[in-house]
Amino acid sequence: MNQQADEISLDPADWEELRSELHRAADMMTDYLRDVRHRGVWKPLPAETRARLATPAPEQGIGLQGALSDFQRDILPYPTGNIHPRFWSWVTGCGTATGLVSELLAAGMNNLSIGLDDSSPVQVELQVLNWFKDLFGFPRDASGLLVSGGSMANMVGIVVGRTARAGYDVRAEGLNPHGQPRLMVYASAETHSSVEKSVEVLGFGRPSLRLIPVTAGFEIDVPKLKKQIQADVDAGHRPCILIGNAGTVNTGACDPLDELADIAAAHGMWFHVDGAFGAMAALTNLQIPNLRGLKRADSLAFDLHKWLYQQYSAGCVLVKNSTAHHASFEVNPIYLDLLGSGLAAGPVNFNALGVQLSRSFMALRLWLSFKTHGVEKFRRLIAQNIHQARYLHDAVDASKSLENLTQVALNIVCYRCNPGGLSESELEDLNRRLLITLQERGIAAPSSTRIHGRFAIRVAIVNHRSRREDFEMLVRESESIGKELVRQRQRVG
Ligand SMILES: *Cc1c(COP(=O)(O)O)cnc(C)c1O
C-alpha cells in the first residue's frame with residue numbers, strides 16, 4: 001500500500017532511527033535508576049533551565065534526537081527526587097525498575113481501558129482487581145476500579161455511599177431536596193483533605209462533614225463520634241457515611257476499624273475506609289490491631305503508587321456491593337452500547353463504575369510487578385518500611401539533641417531537633433532551617449507537619465530503596481546540622 005505524497009502521520013520516517021533512540025532512552029534511564037543512590041536527593045533548577053522551560057510551543061519540531069537531548073539537559077537532572085532512597089516527603093512512592101518496562105509496553109499498546117471491549121487489557125484489570133479482593137479479604141463478587149489515585153478512589157467510595165444510603169433517590173432528586181434530612185458524613189479531624197474536597201464537590205455542603213476530634217494517638221475519638229451522631233440524629237439529620245482511616249497522612253494513625261464498622265452498621269451508614277497507603281500494612285504479618293476491621297469496609301480506597309511502589313499514577317477502589325456500585329454511576333449512552341459479541345462484547349463497562357471514561361492501561365504495571373517479584377516480596381518490603389520507622393524512632397530517642405513528637409503507628413516518624421534552652425518559636429525556626437538544609441544539600445528529603453502545633457520533621461517511608469544506613473545518616477546529619485545552626489545563631493545573636 002502506498003502513502004500519497006500529501007499524506008502525513010506521526011510515525012517515524014525511519015523506524016531504525018526510532019529503534020536506536022529507544023535504545024538510547026532505555027540506556028539513559030537504566031543508568032539513571034542504577035546510580036540514583038549516588039546523586040543528591042534534590043536540587044533546585046538553575047535560572048537558565050527555568051527560562052528554557054517557559055518558552056512557547058515550537059511551530060517546527062527538532063526531531064526526536066534533539067528533543068531527547070533537551071530532555072536530558074533540562075528535565076532529567078531536576079526531578080522531585082522521589083525515586084531516591086532518602087526521599088521521605090509527603091507520602092510519595094518511588095516506582096520500580098520493572099515499571100520502566102511496563103510503561104514502555106503499555107505505551108506501545110496504548111490501550112484506552114474503558115472495558116467495553118473484549119480484549120486482554122480488560123481481563124488484566126479484572127484479574128488485578130480480583131487479586132486485590134483476595135489480598136484485602138473482599139469477596140470475589142465485589143466490584144472495583146482502577147483510578148488516578150487515592151483522591152479519586154475516595155470520591156468513588158463516597159459517591160456510592162451517598163447513593164446507597166441517602167434514603168431517597170439522590171441521582172434523580174439531587175442532594176437534600178425539600179423535606180429530606182441533611183446527609184451527614186463522619187471522619188476524624190486527621191482525615192486527608194481529599195475527603196473534604198469530595199464532600200464539597202459532591203454538593204453535600206461543608207456543614208455535612210463532621211470532623212471528629214482525635215485521641216492522643218491521633219485516632220478518631222469514638223465516644224465523641226457517637227455523641228456527634230446522636231446529636232445529628234436528634235437534630236433531624238441523616239448519618240449517611242462513616243469514613244475510617246487506615247493510616248492517616250500526618251502520622252500514619254489507624255482508626256479502630258472494627259469499632260467503626262459496628263457504629264456504621266448500627267446507624268445504617270456506609271462504611272468507607274481511606275487506606276491510601278496504610279491498607280498495605282494489612283498485607284504483612286504484623287497484625288496491626290486497628291486494621292482488623294479493614295475487610296468490613298463497604299468501600300476501600302488505596303493507592304498503587306504509594307506503598308505498593310508502582311509508577312505514577314494509579315489508585316484503586318473496591319466496593320463490596322457491586323449492585324450499589326453500578327447504581328451510582330451507570331449511564332447508558334447509545335454510543336457505548338454493548339453488542340454481545342465482536343469488539344464491543346464488553347465483559348464490563350468501567351465507565352459505569354466511576355467518573356473517568358478513558359483511562360491508561362494502569363493494570364499492566366501491577367500485573368507485571370506482581371508477576372515479576374511475587375506478592376511475598378511486597379509483604380516483606382512493607383514490613384521492612386515499618387521496621388525502619390521503628391528503628392528511626394528508637395535512634396531519635398537515643399539521640400541527645402533530637403526528640404520524637406509522636407509514637408510510630410505504621411511507617412511515619414515525626415521528630416525535631418531540641419538541644420535544650422530554646423523557646424518554642426526558636427525551635428520552630430531551628431527545625432525549619434534544619435529541614436530546608438537537609439533538602440538543599442541533597443542529603444535527604446523529609447517533609448514537615450505540625451504535631452500539637454509544633455513544627456515537626458516528618459519522615460514517611462514508602463520506599464523500597466531505603467536502607468538502615470540511610471536512617472543512620474539522617475540522624476547523624478540532623479544532629480550535626482542542628483548543632484551548626486545553633487552555633488550560627490549564637491554567633492549572630
Ligand atoms: C495520598 C493520600 C490520599 C490521596 O491520594 P492521591 O493518590 O494523592 O490522590 C488520600 N488519603 C491519604 C491518607 C493519603 O495519604
Side-chain angles (χ1 to χ4, degrees), residues 36-44 79-92 94 218 249-253 384-493:
V36 61
R37 176 171 281 282
H38 308 298
R39 294 190 297 269
V41 179
W42 174 81
K43 62 181 171 200
T80 308
N82 53 294
I83 66 169
H84 195 281
R86 287 188 301 277
F87 190 97
W88 303 303
S89 274
W90 312 302
V91 184
T92 311
C94 55
F218 300 96
V249 61
N250 259 339
T251 68
Q384 175 170 290
N385 287 154
I386 293 174
H387 290 305
Q388 286 166 338
R390 293 174 182 172
Y391 177 82
L392 174 60
H393 183 269
D394 291 347
V396 167
D397 262 351
S399 162
K400 285 200 187 66
S401 60
L402 307 179
E403 67 179 0
N404 284 296
L405 295 178
T406 56
Q407 295 303 309
V408 176
L410 289 178
N411 57 337
I412 297 180
V413 177
C414 294
Y415 72 96
R416 67 176 179 178
C417 176
N418 184 357
L422 298 180
S423 70
E424 275 301 325
S425 75
E426 287 167 333
L427 282 173
E428 159 125 16
D429 181 58
L430 170 67
N431 281 282
R432 261 176 198 279
R433 289 196 294 148
L434 168 51
L435 175 60
I436 291 170
T437 307
L438 284 169
Q439 295 170 349
E440 286 184 341
R441 291 186 187 168
I443 297 166
S447 60
S448 73
T449 190
R450 291 184 169 278
I451 302 297
H452 300 305
R454 292 169 171 165
F455 184 88
I457 297 173
R458 177 180 162 287
V459 178
I461 312 165
V462 290
N463 191 324
H464 64 85
R465 296 194 175 104
S466 301
R467 300 175 187 159
R468 183 167 287 204
E469 61 176 339
D470 294 311
F471 300 100
E472 286 163 357
M473 179 175 180
L474 177 67
V475 169
R476 215 166 47 234
E477 292 286 345
S478 296
E479 289 172 336
S480 77
I481 294 170
K483 211 177 272 173
E484 182 186 324
L485 292 172
V486 170
R487 264 203 310 270
Q488 261 175 31
R489 254 186 77 88
Q490 285 164 343
R491 240 178 290 135
V492 174

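Sequence neighbours left out, the pairs with a member in residues 424-459 that pass ring-ring contact (aromatic ring centres under 6.0 Å, His included) are F218-H452. Sorted by first then second residue, the ring-ring contact (aromatic ring centres under 6.0 Å, His included) pairs that include residues 399-435, not counting sequence neighbours, number zero.
Pairing each heavy atom of C414 with each of T449, the nearest pair is SG-CG2, 4.0 Å. In this structure, H393 and T406 approach most closely via the heavy-atom pair NE2-O, 3.3 Å. The two residues L410 and A389 come nearest to each other via the heavy atoms O-CB, 3.8 Å. Heavy-atom minimum distance, V41 versus I443: CG2-O, 3.5 Å. G252 and A409 get closest at one heavy-atom pair: O-CB, 3.4 Å. Between S401 and E479, the closest heavy-atom pair is OG-CG, 3.6 Å.
The structure places CG of N418 at 8.5 Å from CG of L430, a figure rounded to the nearest 0.5 Å. Taken from CZ in R390 to CG in N411, the straight-line distance is 10.5 Å, to the nearest 0.5 Å. Separation of atoms CG (L474) and CG (L392) is listed at 6.0 Å; rounding is to 0.5 Å. Rounded to the nearest 0.5 angstrom, Q488 CD and K483 NZ are separated by 14.5 Å. Atom CG of L434 sits about 6.0 Å away from atom SG of C417, to the nearest 0.5 Å. Rounding to the nearest 0.5 Å gives a distance of 11.5 Å between CG of L402 and NZ of K400.
Taking the side chain to side chain contact (heavy atoms under 4.5 Å, CB included) definition, one finds that E472 meets it with Y391, R468, E469, R476, sequence neighbours left out. Partners of R441 under the salt bridge (charged side-chain N to carboxylate O under 4.0 Å, His left out) rule, at least two apart in sequence or in another chain, are E484. For R39, there are no side-chain hydrogen bond (donor to acceptor under 3.5 Å, both in side chains) partners at least two apart in sequence or on another chain. Scored by the side chain to side chain contact (heavy atoms under 4.5 Å, CB included) test, T92 finds N82, F87, W90, Y312 as partners (sequence neighbours excluded). Judged as a side-chain hydrogen bond (donor to acceptor under 3.5 Å, both in side chains), and not counting sequence neighbours, the contacts of N385 are W307, Y309, Q388. Listed by chain and number, the residues in a side-chain hydrogen bond (donor to acceptor under 3.5 Å, both in side chains) with D394 amount to none (sequence neighbours excluded). In terms of the salt bridge (charged side-chain N to carboxylate O under 4.0 Å, His left out) criterion, residue partners of R416 (sequence neighbours excluded) are, by chain and number, E403, E424. Under the rule for a salt bridge (charged side-chain N to carboxylate O under 4.0 Å, His left out), the partners of R450 that lie at least two apart in sequence or sit in another chain are E428. Residues satisfying the salt bridge (charged side-chain N to carboxylate O under 4.0 Å, His left out) criterion with R465, sequence neighbours excluded, are absent altogether. Listed by chain and residue number, R458 satisfy the side-chain hydrogen bond (donor to acceptor under 3.5 Å, both in side chains) test with S447 (two or more places apart in sequence, or in another chain).
Between the side chain of S466 and the backbone N or O of R86, no donor-acceptor pair lies under 3.5 Å.
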Step-by-step side-chain contact (heavy atoms from CB on, under 4.5 Å) determination, I457 to S448 = CA-CA 5 Å; I457 297 173; S448 73; over 6 Å; no

Step by step, work out the side-chain contact (heavy atoms from CB on, under 4.5 Å) result for I461 and I412.
-> CA-CA 6 Å; I461 312 165; I412 297 180; over 6 Å; no

Determine, step by step, whether D470 and W88 satisfy the side-chain contact (heavy atoms from CB on, under 4.5 Å) criterion, reporting the C-alpha distance in whole Å, the side-chain angles of both residues, the deciding distance to 0.1 Å, and the verdict.
-> CA-CA 11 Å; D470 294 311; W88 303 303; 3.9 Å; yes

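You'll find the side chain of R467 reaches within 4.5 Å of the side chain of R37, heavy atoms only. With contacts defined as side-chain heavy-atom distances shorter than 4.5 Å, the pair S399/N404 does not qualify.
With hydrogens and angles left out, the side-chain atoms of E426 and S423 include a donor and acceptor closer than 3.5 Å.
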